[in-house]
S.K.: 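The structure under discussion is supplied below as structure tokens; questions concerning it will follow.
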Amino acid sequence: MAKTVSLREVFPGSVLAAKVITPAGMVLLPAGVKLTRELLEKIRKFGVHTIKVE
């Protein structure tokens, strides 16, 4: 079951349940991506604070 969580609660290995969209409307990552430390840092740099994970 998907849940919306703060980036502070997400850890590498989590899987996106929905695409990640920046505040400006740009799609960063599609659903289904397994997150790495580098991807989490990229998401933070674009100003995203919450994501949906499986």
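Only heavy atoms go into these numbers, but all of them, side chains included; no hydrogens, no water, no symmetry mates.
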S.K.: Do Lys3 and Val53 touch side chain to side chain, with heavy atoms closer than 4.5 Å?
M.R.: yes
S.K.: Show the nearest heavy-atom pair for residues Leu35 and Leu29, with the distance to one decimal.
M.R.: CD2-CD1, 4.1 Å
S.K.: When rounded to the nearest 0.5 angstrom, what is the spacing between CD1 in Ile43 and NZ in Lys45?
M.R.: 12.5 Å
S.K.: Testing Leu28, Val20, Thr4 one by one against Ile51 for a side-chain contact (heavy atoms from CB on, under 4.5 Å), which residue passes?
M.R.: Val20
S.K.: Hey, what do you get for CE (Met26) to NZ (Lys19), rounding to the nearest 0.5 Å?
M.R.: 13.0 Å
S.K.: When clusters are formed by joining ILVMFWY residues with side-chain heavy atoms under 4.5 Å apart, either directly or through shared neighbours, do Val15 and Leu40 land in the same one?
M.R.: no
S.K.: How far apart are the closest heavy atoms of Gly47 and Pro23, and which atoms are they?
M.R.: O-CG, 3.5 Å
S.K.: Kindly work out whether a path of hydrophobic side-chain contacts (I/L/V/M/F/W/Y, heavy atoms less than 4.5 Å apart) joins Val27 to Leu16.
M.R.: no
S.K.: Tell me whether Val48 shares a hydrophobic cluster with Phe11, the cluster being built from Ile, Leu, Val, Met, Phe, Trp, Tyr side chains joined at under 4.5 Å.
M.R.: no
S.K.: Please answer: with hydrophobic residues joined when any side-chain heavy atoms are less than 4.5 Å apart, are Leu39 and Ile21 in the same cluster?
M.R.: no
S.K.: NE2 of His49 to CZ of Arg8: how many Å apart, nearest 0.5 Å?
M.R.: 9.5 Å
